[in-house]
Amino acid sequence: MFILDTEMSINTVSPTDERDMTDAVQNRNESARQAANVLYASRSNSNDPIPRQSHSNGMAAAGVSERELKFSSVRRMFCLLTAFDFLLMLLLWIIYINIIGLGIRNGMICQVINYDFKTSMFDVVALSFVRMGLLLIAYAGFKSRHWAMVAITTAITSALLLSKVFIYDFSYDAHKEDKCVLYTDVAHPVDYILLITSFTLAWIEVWVLDFKVIPRERRMLASVHHHSISQSGNSERTPLLSEQNTYRSPTLYGGQQGFYSPIGTPKESDTESESGEESPYSGSYKTGFQSLPNSQRGSSVNLAASIQEQEYIQKAKESTKIMDKVLATKEGWVMEKQSDTVTLDSHTFEGITGKVYRLMGDVPIAAEQLVHILWEDIDNTRQWNNTVLEVKTLQQIDDHIDIIYTQAAPGPGNVVASRDFVIVRNYWERGDRHQCSSIGAEHPAKPPTDNIVRGYNGTGGWVIEPVEGDQTKCKFTWLLHSDLKFKVWTPQAIIDTALCHVLFEMHSNLIKHVRKTYLDSTTVSVDETGDAGNQPS
């Protein structure tokens with residue numbers, strides 16, 4: 001009936017009304033078209049590059065200066081290396097022509113003006129000059145981030161030097177026809193030094209660019225891009241679970257990140273350890289699903305924490321997971337250093353760059369007291385540990401997770417300069433076992449500075465366990481995986497020496513602090529009761 005009435009009304013519309021209706025429909029269509037264009041334009045603008053202000057905020061959050069982003073320090077080092085290549089070859093050539101008795105003037109005449117591929121070494125110097133010029137044009141002028149140019153220069157250098165090895169007159173037989181050639185039947189050692197040095201430097205330049213410059217700059221750009229997205233996208237209209245604004249850092253072991261969800265516990269149970277099942281906080285991580293602390297049960301995330309705090313919590317949990325795997329590894333440890341009471345060994349793991357060091361020894365104090373020193377009283381570490389210049393807490397996330405800043409003292413003989421670190425720590429009690437994992441992080445309260453090199457600590461931490469049958473002593477294990485961020489290649493022996501010194505010195509300082517603070521005071525209290533003679537000194 002309704003449809004019929006409508007059709008009748010439409011059929012009775014006058015021509016004037018019909019034209020008005022047509023105009024109204026056209027106006028509505030035009031308005032809709034304009035609105036669509038506005039929406040489309042705003043949608044297109046959202047895909048534009050990150051605004052400069054957000055980009056600047058991203059650099060600040062990532063701890064990267066604008067100067068470093070435009071021309072990084074490791075790229076400057078590479079450019080200096082190419083210049084050093086040419087200057088070293090020129091110096092060796094000048095020394096060479098003086099050793100063989102030509103001198104500067106005659107050397108220029110014989111080796112440059114009257115150049116001969118079979119008798120002259122000046123082409124090695126010219127080759128290094130051309131290599132320097134091409135590399136500086138590509139990587140200083142155009143700031144290329146591709147390895148093509150250094151591959152070309154190294155290939156040309158290798159081909160010419162190999163050809164020269166077969167053609168060059170090492171026996172100096174050409175002296176009869178060319179008086180510029182040294183009169184001897186034995187090749188001079190500097191001939192070999194020039195060729196070997198030029199060949200070695202060319203391949204060092206490849207290694208520095210491909211393994212140092214390009215990877216570091218890519219990581220730096222990725223970090224700035226991530227923080228820029230966070231700065232530009234986190235508004236009151238941005239979904240909290242937006243894929244663009246949720247950062248998922250890969251684990252060192254390459255595994256997929258699991259979902260955090262409560263696991264079942266017996267009735268009347270207050271802790272995960274009473275359930276009899278292992279969890280991140282009572283033994284080891286479950287495959288795929290990981291239990292939350294009591295304060296976060298019933299939710300997969302801590303809703304009270306900010307997005308930045310959630311990232312710190314995630315890093316802390318990942319460090320615990322990796323630390324569990326390191327501690328579970330019993331085979332493959334290599335002894336680095338040993339004393340009567342301390343053992344220090346190292347291990348290399350797949351997916352972890354560099355060595356992981358493990359120090360094990362006993363501490364003459366109850367486990368809970370040592371936890372107080374290393375966890376609760378961390379800000380006073382400088383008072384007893386001379387391997388650090390500063391330690392302070394930057395942020396307390398919850399009862400189990402905090403962020404600290406440490407500045408390490410220079411290494412022995414100042415061979416290794418002072419470094420500073422920002423670390424996320426995650427502490428849990430697992431029965432009688434106390435464990436604290438840690439991993440490097442970034443924090444706006446302590447961005448990197450030009451005055452000190454910012455190091456990075458991989459997954460490490462400590463484990464404290466009571467000695468069975470002796471509550472006055474505990475077992476102490478410390479794991480250390482640290483990247484000291486050397487700007488140039490450094491022999492592994494120097495790194496081993498520096499880190500082993502830190503571990504041994506820290507343990508020695510800890511023992512002295514314990515004896516002075518706890519054992520001496522215990523002895524004094526016993527003396528006052530008149531029972532000191534029955535107690536050990």
Sidechain-backbone polar pair: [X] side chain, [Y] backbone, donor-acceptor under 3.5 Å:
X      : Y      : value
Thr154 : Ala151 : no
Tyr357 : Trp478 : no
His347 : Glu331 : yes
Arg419 : Ala417 : yes
Ser418 : Ala408 : yes
His434 : Glu429 : no

Taking all atoms of both residues into account, what is the closest heavy-atom pair of [X] and [Y], and its distance?
X      : Y      : result
Cys79  : Ala140 : SG-CB, 3.8 Å
Asp399 : Trp375 : O-CZ2, 3.9 Å
Met506 : Thr387 : N-CG2, 4.1 Å
Ala441 : Tyr456 : N-CE1, 4.4 Å
Arg425 : Cys436 : CB-SG, 3.9 Å
Gly440 : Lys315 : O-CE, 3.1 Å

Name all residues meeting the ring-ring contact (aromatic ring centres under 6.0 Å, His included) criterion together with Tyr139; count only those two or more places apart in sequence or in a different chain, and write none if there are none. Phe78
Those residues at least two apart in sequence (or on a different chain) that pass ring-ring contact (aromatic ring centres under 6.0 Å, His included) with Trp147 are none
Side-chain heavy atoms of [X] within contact of [Y], under 4.5 Å:
X      : Y      : value
Ser482 : Leu499 : yes
Thr459 : Leu479 : no
Asp210 : Val150 : no
Asn457 : Thr406 : no
Glu390 : Asp420 : no
Asp345 : Val334 : no
Leu209 : Ile214 : yes
Phe349 : Ile322 : no

Start with the C-alpha gap between Asp85 and Glu205, add the side-chain angles, then the distance that decides, and say whether side-chain contact (heavy atoms from CB on, under 4.5 Å) holds. CA-CA 9 Å; Asp85 176 4; Glu205 289 165 356; 2.9 Å; yes
Would the number of heavy atoms belonging to other residues, nucleotides or ligands and lying under 6.0 Å from [atom1] of [X] be above 12?
X      : atom1 : result
Asp362 : CG    : yes
Glu376 : CD    : yes
Phe71  : CZ    : yes

Supply the atom-to-atom distance [X] [atom1] to [Y] [atom2], rounded to the nearest 0.5 angstrom.
X      : Y      : atom1 : atom2 : result
Asn385 : Asn509 : CG    : CG    : 5.0 Å
Asp324 : Arg430 : CG    : CZ    : 4.5 Å
Ile423 : Ser437 : CD1   : OG    : 11.5 Å
Glu368 : Leu370 : CD    : CG    : 10.0 Å
Lys143 : Arg75  : NZ    : CZ    : 8.5 Å

In chain order, what residues pass the salt bridge (Lys or Arg N to Asp or Glu O under 4.0 Å) check against Arg382, with sequence neighbours excluded?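 With neighbours one apart ignored, the set is empty.
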In terms of side-chain heavy atoms, does Thr320 have a donor or acceptor partner in Asn426 at a distance below 3.5 Å? yes
Cut-off 3.5 Å, side chains only: do Glu505 and His501 have a donor facing an acceptor?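 His501 and Glu505 do not have a side-chain donor-acceptor pair below 3.5 Å.
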Please assess Arg216 against Ser73 for the test side-chain contact (heavy atoms from CB on, under 4.5 Å), listing each intermediate value before the final yes or no. CA-CA 10 Å; Arg216 179 174 175 179; Ser73 57; 3.6 Å; yes
Return the orientation label for the His507 and Phe476 ring planes: parallel under 30°, perpendicular over 60°, tilted otherwise.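 Parallel.
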Checking side-chain contact (heavy atoms from CB on, under 4.5 Å) for the pair Ile464/Leu374: CA distance, chi angles, key distance, verdict? CA-CA 10 Å; Ile464 300 172; Leu374 299 179; 4.1 Å; yes
Output, in order, the C-alpha distance, side-chain angles, deciding distance and verdict of salt bridge (Lys or Arg N to Asp or Glu O under 4.0 Å) for Asp496 and Lys337. CA-CA 10 Å; Asp496 290 341; Lys337 194 174 181 180; over 6 Å; no
side-chain contact (heavy atoms from CB on, under 4.5 Å) between Leu484 and Phe421, worked out: CA-CA 10 Å; Leu484 300 179; Phe421 304 86; 4.2 Å; yes
